[in-house]
Amino acid sequence: MPAAAAAPLISSVQKLVLYETRARYFLVGSNPAETKYRVLKIDRTEPKDLVIIDDKHVYTQQEVRELLGRLDLGNRTKIGQKGSSGLSRAVSAFGIVGFVRFLEGYYIVLITKRRKMADIGGHAVYKIEDTNMIYIPNDSVRVTHPDEARYLRIFQNVDLSSNFYFSYSYDLSHSLQYNLTILRMPLETLKTETTQTRQESFDIFEDEGLSTQRGSGVFGICSKPYEKYVWNGKLLEAVKNTVHRDWLLYIIHGFCGQSKLLIYGRPIYVTLIARRSSKFAGTRFLKRGANCEGDVANEVETEQILYDASVMSFSAGSYSSYVQVRGSVPLYWSQDISTMMPKPPITLDQADPFAHVAALHFDQMLQRFGSPIIILNLVKEREKRKHERILSEELVAAVMYLNQFLPPEHAIIYIPWDMAKYTKSKLCNVLDRLNVIAESVVKKTGFFVNRPDSYCSVLRPDEKWNELGGCVVSTGRLQTGVLRTNCVDCLDRTNTAQFMVGKCALAYQLYSLGLIDKPNLQFDTDAVRLFEELYEDHGDTLSLQYGGSQLVHRVKTYRKIAPWTQHSKDIMQTLSRYYSNAFSDADRQESINLFLGVFKPMEGKPHLWELPTDFYLHHKNTLSLSQTRRSYTYWWTTGVLKHLPLPFDEVTCAENRRKLTVKKFHKYEEEIDIHNEFFRPYELSSFDETFCLAMTNSTRDFMPKNVGIDPSPFTVRKPDETGKSVLGNKSNREETVLQRKTAASAPPPPSEEAVSSSSEDDSGTDKEDEGAVSQRSTPVKVTDAGDNTKITENVVQSTRDIYGVNLSDVPSEDDITIYARFVQLGQSQHKQDKSNQQFCSKHQLDRVINFQWKKLTWNQHAD
């Protein structure tokens with residue numbers, strides 16, 4: 001590793017054991033290898049205050065054993081007594097969610113079970129499977145309160161085992177682009193700027209015992225999390241300034257899924273991460289629009305990450321990502337659910353002529369994503385009774401007002417499209433239109449990739465690739481700007497639109513990594529089926545969190561290929577959503593408000609269940625007037641406009657440097673050694689428990705088993721042809737073996753394309769590329785008809801498209817003769833293999849009969 005290399009800091013507290021005495025809790029944390037330990041001392045004699053002592057000392061295993069032995073000996077009732085232990089082990093855990101207090105003392109929430117969900121460059125992402133909530137004060141000092149149990153029940157109604165994620169080394173609250181950008185900052189300048197912000201006599205590197213001069217050390221970098229997407233920020237607030245950074249484990253809420261795309265054996269990991277905002281969070285009808293700070297309801301940032309898993313390092317590997325956002329319309333609006341109507345009327349609660357709340361919202365987006373901000377509005381435009389159109393009219397007015405103060409090149413782009421109207425039309429293909437929108441959006445924003453354009457892209461540039469936007473730097477490309485998609489609920493229509501944009505971006509990502517020859521993907525390929533399954537799981541999860549049911553309309557619904565049984569499922573999901581919204585959403589909203597610290601129980605104040613509404617909890621300007629008023633014309637934060645189109649959060653400046661923690665380590669230290677963190681050489685591993693073998697696999701789960709000719713995941717298959725549909729068919733398996741032998745014996749011409757089995761309506765891709773249905777197809781397709789083997793003649797690509805040069809159109813007679821001879825050899829080999837197979841089966845049967853006869857004879861002699 002080079003001298004100036006940088007790596008993410010890995011937390012050294014990944015295993016925890018809680019020990020208890022009558023007066024103290026001792027929380028012992030260690031790294032996975034159990035070579036470094038830290039100890040927290042928690043006082044149990046305070047009835048309502050939280051007293052935690054962290055000595056910041058790193059212990060060895062022997063020192064911890066001696067410490068626990070002395071504590072055990074010192075807390076026994078009598079000196080020398082061995083019957084009862086003075087120190088008992090309470091629980092084992094994997095991390096601290098936080099500390100919370102209602103009306104009595106504090107509780108500590110520990111993660112007791114976890115499950116690995118994804119791997120990003122060797123950095124593991126875990127899902128919380130189970131937690132344990134432990135009351136800290138002992139019984140002798142506990143002051144009971146009659147409402148404590150009810151608050152505890154409400155708090156535990158937030159199921160922490162449902163879609164909460166964390167990582168010890170990867171910052172899940174930030175995008176991959178941000179996490180890799182800070183690793184490339186000029187570190188000498190970073191060191192100078194960071195030390196200037198601390199005390200003059202304090203050197204941020206001296207506690208590691210390394211020289212700050214040039215050497216073989218590695219800089220470990222850790223950034224502050226993005227608070228909007230952290231869900232336990234309030235729970236850690238009481239201790240974050242008193243304990244070491246390694247004790248703080250930040251969790252996100254949303255979705256995380258990963259699948260393996262095998263391209264001729266090359267593993268490509270496709271990861272989908274959704275971060276749900278913790279600001280103005282809640283359920284469907286109870287949280288609509290935006291609050292006074294510009295945070296909108298159901299705001300989710302979805303990031304798709306693609307990387308080559310054969311190279312794990314962030315510095316040497318190939319990584320790409322694309323980010324898009326969904327969220328409610330940024331206006332003051334709501335729906336009254338007291339009428340018990342399936343679609344309550346939409347009401348604009350406050351007049352906002354200067355688009356104040358929309359300005360706050362888009363200012364946040366400019367800081368995080370840069371420009372352009374593209375709004376895809378999918379609400380209905382034509383209605384008999386004005387309903388959804390109310391939101392469109394107000395949103396258009398707000399965008400027009402804000403754009404008049406922005407430079408034209410950084411203006412907010414507004415795209416209205418009535419998706420419901422196009423869906424009802426039999427003449428329009430919804431996904432074709434969405435694909436056109438997706439192409440224009442990705443061309444404007446670009447995407448992130450950490451490697452420069454490959455030589456083949458420079459040598460033979462694609463027309464679409466040359467029109468791609470974003471920011472091109474020496475180390476690759478940066479995404480500038482973001483697509484913000486919304487309908488009324490931001491569930492069904494939004495998920496399908498995001499899938500189409502993600503599918504378009506996925507094609508560009510694969511092309512940038514040199515995996516396909518054109519930035520275009522077709523439906524009914526293994527790659528798109530894998531990606532569609534990820535997005536459906538993503539949509540179902542987000543819909544359950546906000547709407548109370550899974551998706552009602554899926555991608556197959558809009559492709560109009562959904563089976564007839566899907567309609568009954570859609571009806572059940574609609575009823576489930578209506579029931580959840582009418583009867584259980586109020587309780588869920590109370591739990592979210594308590595968990596996120598929006599409501600804090602206090603003596604003498606009304607209880608949570610006594611409040612008529614939570615409007616005042618989420619709109620702080622209703623309780624106190626702000627002393628400063630934002631400008632109605634210069635509505636963006638100072639400094640944001642100067643760096644556009646780049647996002648302000650990723651610019652190297654003093655303000656952003658203050659958010660970083662930088663330390664210098666030896667290159668083999670565990671805090672920055674991702675190889676040691678990933679492979680765990682000190683643990684016994686088994687293949688059955690290996691995550692990379694258990695994850696969804698394109699070859700095992702999506703590729704049909706009878707396609708020995710063309711194993712490419714970019715080849716169009718029949719819509720009903722999947723890996724599961726042909727597994728149990730014996731004749732298909734025999735045909736697969738036969739086709740593979742024939743394909744191996746017959747050498748193919750340079751390149752041909754397989755014939756598409758799907759119609760134009762099902763493809764949903766650009767019509768100019770109708771011929772190119774497979775980016776990586778094997779040229780010969782074999783069909784059996786009696787004893788004769790026929791070779792289908794397919795359309796041949798021009799040699800100019802394949803090799804970049806023109807060859808002679810007509811091959812010479814010698815070449816034709818050689819080719820014909822190889823075809824004859826292939827046919828002869830096929831007949832010989834078939835006869836050998838019949839002979840072997842007959843010979844095997846004779847051997848079985850002979851063996852049975854000898855066995856019978858031996859038994860008779862034995863008798």
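Basis for what follows: all heavy atoms, side chains included, without hydrogens, waters or symmetry-related copies.
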* Asked: Step by step, would you call Phe102 with Leu594 a side-chain contact (heavy atoms from CB on, under 4.5 Å)?
  -> CA-CA 9 Å; Phe102 308 123; Leu594 186 63; 4.0 Å; yes
* Are Val97 and Phe164 close enough that some pair of their side-chain heavy atoms sits under 4.5 Å apart? -> no
* Does the Arg276 side chain pair with the main chain of Leu542, one donor and one acceptor, at a distance under 3.5 Å? -> yes
* Taking it one step at a time, do His253 and Gln545 satisfy side-chain contact (heavy atoms from CB on, under 4.5 Å)? -> CA-CA 10 Å; His253 184 40; Gln545 293 166 7; 3.7 Å; yes
* State, with a plain yes or no, whether a side-chain heavy atom of Ile373 is found less than 4.5 Å away from one of Leu366. => yes
* Structure fact -> Between Glu299 and the options Arg484, Arg326, Lys279, Lys228, the salt bridge (Lys or Arg N to Asp or Glu O under 4.0 Å) test singles out Lys228
* Can you tell me if Ser169 uses its side chain to pair, donor with acceptor, with the backbone of Ile10 under 3.5 Å? -> no
* To do: Check the pair Ile52, Leu27 against side-chain contact (heavy atoms from CB on, under 4.5 Å), reporting the backbone distance first and the verdict last.
  => CA-CA 10 Å; Ile52 293 183; Leu27 192 59; over 6 Å; no
* For Ile154, does its backbone N or O pair with a side-chain atom of Ser591 as donor and acceptor, under 3.5 Å? -> yes
* Asked: Can we say Asp587 and Arg153 salt-bridge, meaning some charged N sits less than 4.0 Å from an Asp/Glu carboxylate O?
  -> no
* Asked: Just by modelled atom types, is the Leu491 backbone N or O under 3.5 Å from a matching donor or acceptor in the Asn495 side chain?
  -> no
* Between Ser320 and Tyr508, does any side-chain donor sit less than 3.5 Å from a side-chain acceptor? -> no
* Using modelled atom types only, decide if a donor and an acceptor are shared between the side chain of Ser167 and the backbone of Ala124 within a distance under 3.5 Å. => yes
* **Pairing residues for Lys600 by the side-chain contact (heavy atoms from CB on, under 4.5 Å) criterion, not counting sequence neighbours** => Glu237
* Asked: Would you say Arg288's side chain and Val488's backbone share a donor-acceptor pair under 3.5 angstrom?
  -> yes
* To do: Taking the side chain as every heavy atom from C-beta outward, state whether Phe280 and Val296 have any atom pair closer than 4.5 Å.
  => no
* **Ring centroid separation Tyr319 to Tyr307 under 6.0 Å** => yes
* Is Lys127 paired with Glu129 through a side-chain N to carboxylate O contact shorter than 4.0 Å? -> yes
* To do: Quick one: pull up OG in Ser277 and CG in Leu596 and give me the separation to the nearest 0.5 Å.
  => 9.0 Å
* Side chain to side chain, Ile108 and Leu110, heavy atoms closer than 4.5 Å -> yes
* Considering only NZ, NE, NH1 and NH2 on the basic side and carboxylate oxygens on the acidic side, decide whether Glu227 and Lys224 come within less than 4.0 Å. => no
* **Geometric cation-pi criterion, Arg368 with Tyr226: 6.0 Å, 45°** => yes
* Asked: Would Ser223 and Tyr178 count as a side chain to side chain donor-acceptor pair (under 3.5 Å) if you check the C-alpha gap in whole Å, the side-chain angles of each, and the deciding distance to 0.1 Å?
  -> CA-CA 10 Å; Ser223 174; Tyr178 177 89; 2.9 Å; yes
* Are Tyr168 and Tyr170 an aromatic pair by the rule of ring centers under 6.0 Å? -> no
* To do: Kindly say whether the aromatic ring centers of Phe595 and Phe155 come within a distance under 6.0 Å.
  => yes
* To do: With sequence neighbours left out, write down each residue that passes salt bridge (Lys or Arg N to Asp or Glu O under 4.0 Å) with Arg275, or none if nothing qualifies.
  => Glu301, Glu303
* To do: Identify which one of Val230, Leu235, Asn232 satisfies the side chain to side chain contact (heavy atoms under 4.5 Å, CB included) criterion when paired with Ile251.
  => Asn232
* Residues which pass side chain to side chain donor-acceptor pair (under 3.5 Å) with Asp540, listed by chain and number, not counting sequence neighbours -> Arg554
* Asked: Side chains of Val158 and Arg588: does their closest heavy-atom pair fall under 4.5 Å?
  -> no
* What's the spacing between Ser30 OG and Leu16 CG if we round to 0.5 Å? -> 7.5 Å
* **Crowding at CZ, Phe691 (>12 non-hydrogen neighbours, <6.0 Å)** => yes
* **Distance-only donor-acceptor check, side chains Asn298 and Asp489, under 3.5 Å** => no
* Asked: Do we see a donor-acceptor contact under 3.5 Å between the side chains of Asp246 and Ser12?
  -> yes
* Test log, rule ring pair (Phe, Tyr, Trp, His ring centres under 6.0 Å), inputs His174 and Tyr229 -> CA-CA 9 Å; His174 285 291; Tyr229 299 116; 8.9 Å; no
* **Heavy-atom donor-acceptor pair, Lys260 side chain to Cys692 backbone, under 3.5 Å** => yes
* List the steps and the verdict of salt bridge (charged side-chain N to carboxylate O under 4.0 Å, His left out) for Lys287 and Asp614. => CA-CA 10 Å; Lys287 285 292 162 283; Asp614 66 350; 3.0 Å; yes
* Leu483 backbone acceptor or donor facing Gln324 side chain under 3.5 Å -> no
* Backbone N/O of Leu262 and side chain of Ser698: donor-acceptor pair under 3.5 Å -> yes
* With a cut-off of under 6.0 Å to the ring centre and 45° to the axis, is Arg529 in cation-pi contact with Phe702? -> no
* Salt-bridge criterion met for Arg284 and Asp585 (N-O under 4.0 Å) -> no
* Asked: Are side-chain heavy atoms of Pro32 and Arg680 found at a separation under 4.5 Å?
  -> yes
* Who are the ring pair (Phe, Tyr, Trp, His ring centres under 6.0 Å) partners of Phe531, not counting sequence neighbours? -> Phe499, Tyr535
* **Within-4.5 Å side-chain heavy-atom neighbours: Leu431 and Thr496** => yes
* To do: Determine, using ring centers only, whether Tyr135 and Tyr107 are less than 6.0 Å apart.
  => yes
* To do: Could you pull out all residues at least two apart from Val125 that satisfy side-chain contact (heavy atoms from CB on, under 4.5 Å)?
  => Ala118, Ile120, Tyr165, Leu172, Cys256
* Inspect the surroundings of NZ in Lys113 and state if more than 12 heavy atoms from other residues, nucleotides or ligands are less than 6.0 Å away. => no
* Asked: Heavy-atom distance under 4.5 Å between the side chains of Leu378 and Thr485, does that happen here?
  -> yes
* Using side chain to side chain donor-acceptor pair (under 3.5 Å) as the criterion, list what pairs up with Tyr151, not counting sequence neighbours. => His607
* Would a distance-only check, ignoring hydrogens and angles, find a side-chain to backbone donor-acceptor pair under 3.5 Å from Gln177 to Gln479? -> yes
* To do: Evaluate the ring pair (Phe, Tyr, Trp, His ring centres under 6.0 Å) criterion for residues Phe166 and Tyr126: first the C-alpha distance (whole Å), next the side-chain angles of each, then the deciding distance (0.1 Å), finally the verdict.
  => CA-CA 5 Å; Phe166 68 93; Tyr126 296 97; 5.6 Å; yes
* Please lay out, stage by stage, how Phe448 and Leu176 fare under the test side-chain contact (heavy atoms from CB on, under 4.5 Å). => CA-CA 8 Å; Phe448 169 73; Leu176 179 72; 4.1 Å; yes
* Verify the distance criterion only: is there a donor paired with an acceptor across the side chains of His618 and Asn593 at less than 3.5 Å? => yes
* From His538, Gln509, Lys503, residue fulfilling side-chain hydrogen bond (donor to acceptor under 3.5 Å, both in side chains) relative to Gln304 -> Gln509
